[in-house]
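Written below as structure tokens is the structure these notes are about.
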Amino acid sequence: MSHGFDTLAIHAGQDPEARTGAVIPPIYQTSTYAQDAVGAPRQGYEYSRSGNPTRDALQECLAALEGGPVGLAFASGLAAEDTLLRAACKPGDHVVIPDDAYGGTYRLFAKVAERWGLAYTPAKVSDVDAVRAAIRPGVTRIVWVETPTNPLLGIADIAALAAVAHDAGALLVVDNTFASPYLQQPLALGADVVVHSTTKYVGGHSDVVGGALVAADRGLGEELRFHQNAMGAVNGPFDAWLTLRGIKTLGVRMDRHCDNAERIAAYLDGHAKVGQVIYPGLPSHPGHEVAAKQMRRFGGMISFRAAGGEEHAVEICNQAKLFVLAESLGGVESLIEHPGRMTHASVAGSPLEVPGDLVRLSVGIETVDDLLADLEQALG
Ligand SMILES: Cc1ncc(COP(=O)(O)O)c(C=O)c1O
């Protein structure tokens, strides 16, 4: 029997524990497991890098939420990305990446993977023809997209890009961190692998770092599982437990993030102290129609250009009080940051450099009138 998203978030992989009936999966804080005889581990558990029941519960839940046969939980989003690259690519392969991506993802390609022989080309993922043109037939192994992108909130048409990637014999990988599986399910639209920084909306409380991969194909999923164990960047039991606890409320949190972000985007749009407001929910956003087609709602992230330029953008970030000045996103509390000098400092001077007057908001689930009042005083 198939269940709705919120039922899966609360129950998938989380049956009451067999021995005691504990309703919440216990934190199996153990590195190893007693075996009944040589070569006879109980229920397959032998060592916690290879398998841990708390991590298994999270992995099963992530797979159910993204609608794939295999879900895997990692130490961080970047650990998940690294494992995927090394499982799916070999030296001499090529990857198309977004020309507007999380700075750490770009750094992984530019400063780490390239040294090991993996070439990459940045392309505008909101432009299907640009992605097609960046593909090197027979050499491109992955078309990698974020949607919405970090920090410029570009929208990639997942179904169209799946067709383009598959025509070229490449995989489509979608970083679904900004949308979360509640708002967008890339595998159902044709993507081959979903990536998450579960640090963000999936965990949702800014108290744990983690990453995830969910594969559409069981064979690829098992290949990724092999690499998860062989490379070892696993999610720890307590981190898996915290992430699962966060997941239970993902749907209700996302709806509130969206309610608040819609109000704030409307307020900023047309404000004298604000230049362009970038939010996929605004009809003025060039990706609005694609976003409306593939997302349930438009998410909690807003970027905007300060009318007074870079120094004004920095001043807004410094003046905000309720919006906490901090990197990261997707928690219940609202955050504000200056991407050029903070999260995206690593792309300065690269094709992914972001505008200096850009401010990024991660809109939390506080009382929206308080958030509006804080922005009003911070805008000066
Ligand atoms: C879109 C996106 N992908 C991946 C990552 C990397 O995740 P982590 O910080 O958990 O390694 C981030 C982190 O900010 C991100 O925003």
Side-chain angles (χ1 to χ4, degrees), residues 58 62 66 72-86 95 97-113 120 122 125-126 142 144-156 158 173-181 183-184 186 191 193-214 228 231-236 239-240 242-243 246-247 254 257 278 280 295 299-303 324 326-331 335-347 352 354 358 360-363:
L58 171 60
L62 288 165
E66 287 289 3
L72 299 166
F74 293 86
S76 69
L78 282 173
E81 296 183 17
D82 181 36
T83 305
L84 170 58
L85 286 181
R86 286 201 263 170
V95 179
I97 65 165
D99 73 349
D100 157 33
Y102 168 56
T105 297
Y106 176 71
R107 186 176 54 204
L108 177 64
F109 283 102
K111 300 272 166 62
V112 181
Y120 67 93
V125 296
S126 57
I142 291 177
W144 184 292
V145 304
E146 281 176 21
T147 183
T149 58
N150 181 4
L152 290 168
L153 304 173
I155 300 294
I158 297 171
V173 171
V174 176
D175 183 332
N176 203 25
T177 299
F178 267 38
S180 88
L183 296 182
Q184 175 171 277
V193 183
V194 168
V195 175
H196 277 285
S197 168
T198 55
T199 316
K200 312 298 179 338
Y201 288 107
V202 170
H205 296 75
S206 305
D207 53 10
V208 61
V209 171
L213 299 175
V214 182
Q228 180 194 41
M231 294 169 62
V234 293
N235 198 249
D239 290 358
L242 274 175
T243 306
I247 282 181
M254 290 314 297
H257 283 294
I278 308 169
M295 296 176 76
M301 300 301 297
I302 300 174
S303 291
V324 178
E327 303 201 357
S328 200
L329 60 111
L335 304 181
I336 190 166
E337 69 126 355
H338 184 266
R341 297 189 191 180
M342 294 172 65
T343 50
H344 289 67
S346 62
V347 298
L352 279 80
V354 296
L358 196 72
R360 191 188 76 179
L361 302 178
S362 172
V363 178

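Values reported hereafter were calculated over all heavy atoms of this structure, with side chains retained and with hydrogens, waters and symmetry mates removed. Indexing begins at 1, ligand by ligand and atom by atom, following the structure's order. Residue numbers run from 1 in the order of the sequence given.
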Option of least heavy-atom distance to atom 4 (C) of ligand 1 (set: K200, H344, E81, M301): E81

Closest non-hydrogen atom pair, R360 against S328: NH2-O, 3.1 Å

Ring centre gap for F109 and W144 strictly below 6.0 Å: yes

Separation of T83 OG1 from F74 CZ (nearest 0.5 Å): 4.5 Å

Options F74, F178, Y102, ranked by nearest heavy atom to atom 15 (C) of ligand 1, top entry: Y102

Enumerated ligand 1 atoms positioned under 4.0 Å from heavy atoms of T199: 10 (O)

Test of proximity, E146 against ligand 1: N or O pairs below 3.5 Å: no

G210 to ligand 1, any heavy atom closer than 4.0 Å: yes

V234 to Q228 - nearest heavy-atom pair and separation: CG1-CG, 3.9 Å

Main-chain N/O of Y201 paired with H196 side-chain donor or acceptor, under 3.5 Å: no

Test item: E337 side-chain N/O and T343 main-chain N/O as donor-acceptor pair under 3.5 Å: yes

Contact atoms of ligand 1, heavy-atom distance to D175 under 4.0 Å: 1 (C), 2 (C), 3 (N), 4 (C)

Numbering as shown, the atoms of ligand 1 that approach N150 to under 4.0 Å (heavy-atom distance): 16 (O)

Short N or O distance, G77 and ligand 1, threshold 3.5 Å exclusive: yes

Closest approach of N235 to G210 (non-hydrogen atoms, all atoms of both residues): ND2-CA, 3.8 Å

N or O contact, T105 vs ligand 1, cut-off under 3.5 Å: no

